[in-house]
Amino acid sequence: MDKLVIKGGRPLVGRIQVSGAKNATLPVMAATLLTRGRNRLLNVPNLRDVRTMGELLATLGAKVNQRGNKVFIDTSDALGHEAPYDLVKTMRASVVTLGPLVAKAGLARVSLPGGCAIGERPIDQHLKGLEAMGCKIELDDGYVVAKANRLKGADITMDLVTVTGTENLMMAAVLAKGTTVIRNAAREPEVVDLAQALIAAGADITGAGTSTIQVKGVGELRPLDHRVMSDRIEAGTFMVAAGITRGELTLVDAPLEHLTAVVGKLKEAGLRFQNTPKGVMVSARRAPKPVSIITGPYPGFPTDLQAQVMALLTLSNGSSMIQETIFENRMMHVGELRRLGARIELTGSTAVVGGVRRLSGARVMATDLRASACLVLAGLAAEGETHISRVYHLDRGYERIDQKLSAAGAAIRRKKDK
Ligand code: EPU
């Protein structure tokens, strides 16, 4: 298993290219199951989760071929219907194959994902929506078995806002008979990206990006030919890297239009943003000011950047409050940040972060993807060496992060963890 060793205290300066978005790529890959033919996806990040989704599609009979940031998925012979436990347990997002499989094959057997490090994460809303569309759902040996001859359009109100739930139902509705309305839908940009990929292939979808999405079923879809949007969470992570090291980074292809809540909070904390012809330049000269943050569904502050911004605020000149409202167990980084000298009081899912003047390097352990990113950021600012073990979490969602950071001046090395 690899670990990262970071010698902190160097301001990061330079230009960083933002990659394609993991959370847009995964559902679009699953959506290829709605087609029969050769799909082409561009700007696909080279990540472990993307490879896992590729493996899953391959077990379903698709031919998957990744060349650099292009992925070709030939679904001509994709007749399988089972997403096995071994793959789903390594990546929850595998559940987005459920909607496309039942829509196209009439049958899906998808392992229940189970809980994960950040929370219980049930999929009841996905199942409720599919049932409303006429799907028979049974549980068998830890698998969801969903069957339908042809799904029927339905008017569905989600009990809560769920990103992959909205994506699953939108994909299922594309080939259903009649019109489906999804109310209280997630408005995340990744939902819009998926809708655009589907619309370009012949789907009839309106309202993606609002809380009511309408899908008129069509007979078939052409293969997808889609360029994946930029990763807003990766871009936000690099913004914090500029701020926490008091450096100056120009981010190429940062999707600022999807980061208004984040940029607003980072400006409040004192980071400076300047649009340049090459990209947005993010810089900071002094300690961040304290700010309060509550995570929320888009366009609120993303839970996927909560841990990273907490790293920044550990060095602020006052006390900040951070409240996590999406996942019940997404504060695992707090204990690790404390090992680096941060002062944080945690009550339930609310953290009060009292600023300290400096962090100092230590051995820490990554617990999930975004917690890992938080520890990398803290390590970049800490005095001395920080050793982060279990970086495989990081490799699930950040393309070549150590190379990108070292090109901007970070002293970061990958080593085998003994
Ligand atoms: N929920 C339910 N029932 C459901 C579905 C969700 O109770 O049927 C709850 C969840 O337990 C959670 C809340 O609703 O408390 C929101 O969960 P959501 O379904 O929106 O999350 P998700 O779709 O499983 C996606 C991202 C996550 C991101 C969340 C929130 C993908 C592949 N994953 O997960 O990304 O944190 O939305 O924005 O799109 C990450 O990239 O690190 C990551 C975890």
Side-chain angles (χ1 to χ4, degrees), residues 19-31 45 47-50 52-53 56 88 90-99 110 112-132 137 144 156-171 182 184-194 211 228-229 231-237 258 261-262 295-308 324-333 349 366-374 392-399 401:
S19 296
K22 165 180 87 81
N23 288 347
T25 301
L26 299 174
V28 172
M29 286 178 81
L47 300 172
R48 199 157 66 92
D49 273 6
V50 170
T52 306
M53 182 58 87
L56 174 52
V88 179
T90 63
M91 188 183 69
R92 271 197 107 265
S94 312
V95 77
V96 289
T97 54
L98 180 60
V110 174
L112 264 180
C116 83
I118 60 176
E120 198 187 321
R121 305 183 76 179
I123 57 161
D124 54 301
Q125 296 302 308
H126 306 226
L127 303 184
K128 175 181 129 166
L130 288 175
E131 272 178 333
I137 303 226
V144 173
I156 302 161
T157 302
M158 314 286 269
D159 294 348
L160 47 79
V161 177
T162 151
V163 179
T164 49
T166 302
E167 292 165 346
N168 242 336
L169 298 185
M170 192 165 78
M171 289 188 278
I182 308 169
N184 201 19
R187 290 179 283 167
E188 267 65 4
E190 293 77 12
V191 174
V192 179
D193 200 58
L194 172 64
S211 55
V228 174
M229 62 182 272
D231 196 317
R232 63 192 169 106
I233 305 302
E234 189 202 21
T237 303
H258 302 147
V262 175
T295 62
Y298 190 84
F301 191 94
T303 170
D304 289 346
L305 280 169
Q306 176 260 109
Q308 297 89 317
E324 169 61 49
T325 69
I326 306 290
F327 293 113
E328 65 275 17
N329 194 26
R330 214 177 201 184
M331 287 286 178
M332 303 275 277
H333 44 287
S349 285
T367 48
D368 72 76
L369 169 58
R370 307 303 173 186
S372 315
C374 151
Y392 57 87
H393 289 296
L394 205 60
D395 297 332
R396 292 185 50 189
Y398 287 92
E399 188 176 45
I401 188 170

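Atoms within each ligand, like the ligands themselves, are counted from 1 in listed order. A quick note: this is a predicted structure, and the numbers were derived from the prediction, not measured.
Checking each of T325, T367, T295, D304 against R330 for a side-chain hydrogen bond (donor to acceptor under 3.5 Å, both in side chains) leaves exactly one that passes, namely D304.
Counting only heavy atoms from C-beta outward, the side chains of V163 and N23 never approach each other to under 4.5 Å.
Remark: the backbone N or O of K22 is paired with a side-chain donor or acceptor of D231 at under 3.5 angstrom. K128 places no side-chain N or O within donor-acceptor distance of the main-chain N or O of I156, the cut-off being under 3.5 Å. Distance alone, capped at 3.5 Å, places no donor-acceptor pair between the R121 side chain and the R92 backbone. At least one donor-acceptor pair under 3.5 Å links the side chain of T166 to the backbone N or O of A186.
Polar contact with ligand 1: present for D304 (N/O pair, distance under 3.5 Å). At a 3.5 angstrom cut-off on N or O pairs, E167 does not count as close to ligand 1. Ligand 1 has a nitrogen or oxygen under 3.5 angstrom from a nitrogen or oxygen of R121.
Distances below 4.0 Å separate heavy atoms of I123 from the following atoms of ligand 1: 4 (C), 8 (O). Atoms of ligand 1 found under 4.0 Å from any heavy atom of T303, numbered from 1 in the order shown, are 30 (C), 36 (O), 38 (O). Of all atoms in ligand 1, listed by their number and element, those nearer than 4.0 Å to a heavy atom of K22 are 40 (C), 41 (O). Near Q125, the atoms of ligand 1 lying under 4.0 angstrom from a non-hydrogen atom of the residue are 3 (N), 4 (C), 8 (O). Near L369, meaning under 4.0 Å from one of its heavy atoms, ligand 1 places the atoms 42 (O). Residue-ligand proximity, R92 to ligand 1, at heavy-atom distances under 4.0 Å covers atoms 24 (O). The ligand atoms of ligand 1 that sit less than 4.0 angstrom from a heavy atom of A93 are 32 (C). Counting the atoms of ligand 1 from 1 in the order shown, those under 4.0 Å from a heavy atom of H126 are 8 (O).
Considering only non-hydrogen atoms, atom 6 (C) of ligand 1 lies nearest to P122 out of G165, P297, P122.
Looking only at protein heavy atoms, the nearest one to atom 41 (O) of ligand 1 is R370 NH2, 2.8 Å. Taking atom 21 (O) of ligand 1 as the reference point, the nearest protein heavy-atom neighbour is F327 CZ, 3.9 Å. Of all protein heavy atoms, the one closest to atom 26 (C) of ligand 1 is N23 ND2, 3.6 Å. Looking only at heavy atoms of the protein, atom 3 (N) of ligand 1 is closest to D124 OD1, 2.8 Å. The protein atom (non-hydrogen) at minimum distance from atom 23 (O) of ligand 1 is T164 OG1, 2.6 Å. Of all protein heavy atoms, the one closest to atom 20 (O) of ligand 1 is V163 N, 2.8 Å. Among protein heavy atoms, the minimum distance from atom 44 (C) of ligand 1 is reached at R330 NH2, 3.4 Å. Annotation: atom 1 (N) of ligand 1 to nearest protein heavy atom, L160 CD1, 3.6 Å.
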Begin from the C-alpha positions of R396 and M91 and carry the test side chain to side chain contact (heavy atoms under 4.5 Å, CB included) through to its verdict. CA-CA 9 Å; R396 292 185 50 189; M91 188 183 69; 4.1 Å; yes
Full working for side chain to side chain contact (heavy atoms under 4.5 Å, CB included) between Y398 and I233: CA-CA 9 Å; Y398 287 92; I233 305 302; 4.1 Å; yes
Test side chain to side chain contact (heavy atoms under 4.5 Å, CB included) on L127 and L98 and set out the steps. CA-CA 9 Å; L127 303 184; L98 180 60; 3.8 Å; yes
Does the side chain to side chain contact (heavy atoms under 4.5 Å, CB included) test come out yes or no for E188 and R232, once each step is laid out? CA-CA 11 Å; E188 267 65 4; R232 63 192 169 106; 3.4 Å; yes
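T303 and E324 share a donor-acceptor pair across their side chains, judged by distance under 3.5 Å alone.
The closest approach between any non-hydrogen atom of M91 and ligand 1 is not below 4.0 Å.
Partners of R187 according to the salt bridge (charged side-chain N to carboxylate O under 4.0 Å, His left out) rule, which considers only residues two or more places apart in sequence or in another chain, do not exist here. For the salt bridge (charged side-chain N to carboxylate O under 4.0 Å, His left out) test, residues two or more places apart in sequence or in another chain that qualify with E234 are K404.
Heavy atoms of I326 found under 4.0 angstrom from ligand 1 belong to the backbone as well as the side chain. Contacts of H393 with ligand 1, taken as heavy-atom pairs under 4.0 Å, are absent altogether.
Atom CG of L369 sits about 10.0 Å away from atom CZ of R48, to the nearest 0.5 Å.
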